[in-house]
Amino acid sequence: MDVRRLRMLLELSRLGSMHEVADALGTTTSSVSQGIAALARDVGSPLLEPDGRRVRLTPAGRRLADHAVTILAAVESARLDLDPHAEPAGVLRVAGFASAVRRSLLPAIDDLRATHPGIEVRVHEYEPLEALDLLARDDVDLALVYDYDLAPAEWRDDHEVIPLWAVEWGVGVPSRDRGLALADLADRDWIVNSRHTADEDALRTLASRAGFVPRVVHRIDSLELVDDLVVAGSGVALLPRGRASRRGVSVLRLRDPSVALRAYAVVRRGRSSWPPLRAVLERLAHG
């Protein structure tokens, strides 16, 4: 059904005259008559009947006019939701890794409560491969992901990628070993991420340049649990420098090469003009 014809029918139910409907909609009486006749053909039922020198809605016409209220309201809501110039409002689904959620997304959500209260952000914690898979299936609108400069991500053609920040990483060791170099850790057990391969790829590149192959024993997602294993002497791992690690953990600086984790916001190409997504991306980019 043509929404313009539905609007004509709704206005006729309110105004009672095709002439008044034509004036209200800025068209002609003939156009109103033809539009409602076409709508009757669309639904397969008469919508008007004679009422003296005027017309009135049939019972079917009145029912359709009632539906038109809801239909036109939904169409207007959809138009506003997609209008790039409209006030941002709606549910935004974000999948991201914990550090980016804490560092970038939570401050953005706090700001948006004041500036754009119509945006509701729903947060799902996932590692990059999982988040990008959800994005590809349109199960989320925004993915917060990372890679390492020694293990760069491969982006899809339909990805729009916004760099956010970078953090230097080193090797987390028991504090008693803070004077060691990377090559001194060749015989240690290593800990890598359980849900992403980027840190293991970066580790293997670093180890290769230092002349050894790392013995990966543990696969752990939680950095806090990695700290516990390091303190217990159960392994060493790549960890961010500058983070408040557990007492007993020191993070050795890596040189020649160094390694950095790089965070990104990723959306499907062509989607960033949606007002809620655009508002969040602008806040993340300037965060």
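Residues take their numbers from the sequence shown, with the count starting at 1. What you see below is based on every heavy atom in this structure, not just the backbone, and it leaves out hydrogens, waters and symmetry mates.
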Enquirer: Quick one: pull up CG in L225 and CD1 in I220 and give me the separation to the nearest 0.5 Å.
Expert: 4.5 Å
Enquirer: What's the shortest heavy-atom distance between D141 and V267, and which atoms?
Expert: O-CG1, 3.7 Å
Enquirer: Could you state the interatomic distance from CG (D187) to CZ (R215), rounded to the nearest 0.5 Å?
Expert: 7.0 Å
Enquirer: Is it possible for you to say whether V216 and L129 belong to one hydrophobic cluster, with membership spreading through side-chain heavy-atom contacts below 4.5 Å?
Expert: no
Enquirer: Indicate if L106 and V167 have the same hydrophobic cluster label, given that clusters are the connected sets of ILVMFWY residues with side-chain heavy-atom separations under 4.5 angstrom.
Expert: yes
Enquirer: Considering only NZ, NE, NH1 and NH2 on the basic side and carboxylate oxygens on the acidic side, decide whether R269 and D158 come within less than 4.0 Å.
Expert: no
Enquirer: Where is the tightest heavy-atom contact between L48 and V55, given as atom of each residue plus distance?
Expert: CD1-CG2, 4.3 Å
Enquirer: For R209, is there an ion pair with D256 - N to carboxylate O distance below 4.0 angstrom?
Expert: no
Enquirer: So, taking the atom named CG in L92 and the one named CG in L112, what distance separates them when rounded to the nearest 0.5 Å?
Expert: 9.0 Å
Enquirer: What salt bridge (charged side-chain N to carboxylate O under 4.0 Å, His left out) pairs are there with at least one residue in residues 31-41, not counting sequence neighbours?
Expert: none
Enquirer: Could you pull out the closest heavy-atom pair between A95 and V140, with the gap in Å?
Expert: CB-CG1, 3.9 Å
Enquirer: Mind jotting down which residue pairs meet the ring-ring contact (aromatic ring centres under 6.0 Å, His included) criterion with at least one end in residues 215-271? Sequence neighbours excluded, please.
Expert: W155-Y264
Enquirer: With a cut-off of 6.0 Å (strictly less than), are more than 12 heavy atoms of other residues, nucleotides or ligands near CZ of R102?
Expert: no
Enquirer: Who else is in the cluster with V213 when I, L, V, M, F, W and Y are joined by side-chain contacts under 4.5 Å?
Expert: none
Enquirer: Answer with yes or no whether the hydrophobic clustering places F97 together with L134; edges join I, L, V, M, F, W, Y residues whose side-chain heavy atoms lie under 4.5 Å apart.
Expert: no
Enquirer: Taking the side chain as every heavy atom from C-beta outward, state whether L39 and D2 have any pair of such atoms under 4.5 Å apart.
Expert: no
Enquirer: In the structure I gave you, are the side-chain heavy atoms of S33 and T28 within less than 4.5 Å of one another anywhere?
Expert: no
Enquirer: Is there a path of hydrophobic side-chain contacts, each under 4.5 Å between heavy atoms, that joins L6 and M8?
Expert: yes
Enquirer: Report yes or no: does R268 contribute a side-chain atom to a donor-acceptor pair with the main-chain N or O of A136 at less than 3.5 Å?
Expert: yes
Enquirer: Is D51 reaching over with its side chain to a backbone N or O of R56, donor-acceptor style, under 3.5 angstrom?
Expert: no
Enquirer: Looking only at heavy atoms, what is the nearest atom pair of E127 and D221, with distance?
Expert: OE2-OD1, 3.4 Å
Enquirer: Taking the side chain from S45 and the backbone from A60, do they hold a donor-acceptor pair closer than 3.5 Å?
Expert: no
Enquirer: Which residues pass the side chain to side chain donor-acceptor pair (under 3.5 Å) test with R219, not counting sequence neighbours?
Expert: E200
Enquirer: For R243, give me all partners under side chain to side chain donor-acceptor pair (under 3.5 Å), at least two apart in sequence or on another chain.
Expert: D227, S245
Enquirer: Mark yes when over 12 heavy atoms from residues, nucleotides or ligands other than R7 sit less than 6.0 Å from its CZ; otherwise mark no.
Expert: no
Enquirer: Do any pairs count as a side-chain hydrogen bond (donor to acceptor under 3.5 Å, both in side chains) and have a residue in residues 105-118, sequence neighbours left out, and if so which ones?
Expert: E87-H116, D110-R113, D111-R283
Enquirer: Is it the case that the side chain of R5 and the backbone of A40 share a donor-acceptor pair, with hydrogens and angles ignored and the cut-off at 3.5 Å?
Expert: no
Enquirer: Hey, what do you get for CG (L144) to CG (L135), rounding to the nearest 0.5 Å?
Expert: 10.5 Å
Enquirer: Is the closest basic N to carboxylate O distance between D228 and R246 below 4.0 Å?
Expert: yes
Enquirer: Which residues satisfy the ring-ring contact (aromatic ring centres under 6.0 Å, His included) test with Y148, sequence neighbours excluded?
Expert: Y146, W169
Enquirer: Does L206 belong to the same Ile/Leu/Val/Met/Phe/Trp/Tyr cluster as L180, with side-chain heavy atoms less than 4.5 Å apart forming each link?
Expert: yes
Enquirer: Do you know the tightest heavy-atom contact between P46 and T58?
Expert: O-OG1, 2.8 Å
Enquirer: Just to verify, what does E282 make a side chain to side chain donor-acceptor pair (under 3.5 Å) with, not counting sequence neighbours?
Expert: none
Enquirer: Looking only at non-hydrogen atoms, find the nearest pair between A131 and V145 and report the distance.
Expert: CB-CG1, 4.2 Å
Enquirer: Would the distance check show the side chain of D42 and the main-chain N or O of M1 forming a donor-acceptor pair, the cut-off being under 3.5 Å?
Expert: no
Enquirer: To the nearest 0.5 Å, what is the distance between CG on L132 and CZ on R137?
Expert: 11.5 Å
Enquirer: Among pairs that include at least one residue of residues 45-76, which meet ring-ring contact (aromatic ring centres under 6.0 Å, His included), considering only residues two or more places apart or in two chains?
Expert: none
Enquirer: Hey, does the side chain of S208 reach the backbone of T205 with a donor-acceptor pair shorter than 3.5 angstrom?
Expert: no
Enquirer: Quick one: salt bridge (charged side-chain N to carboxylate O under 4.0 Å, His left out) pairs with a partner in residues 21-38, sequence neighbours left out?
Expert: none
Enquirer: Which residue pairs pass the ring-ring contact (aromatic ring centres under 6.0 Å, His included) test with at least one member in residues 4-47, sequence neighbours excluded?
Expert: none
Enquirer: What is the distance from atom CZ of R271 to atom CG of L281, rounded to the nearest 0.5 Å?
Expert: 13.0 Å
Enquirer: Determine which pairs satisfy ring-ring contact (aromatic ring centres under 6.0 Å, His included) with at least one residue from residues 170-189, sequence neighbours left out, and list them in order.
Expert: none
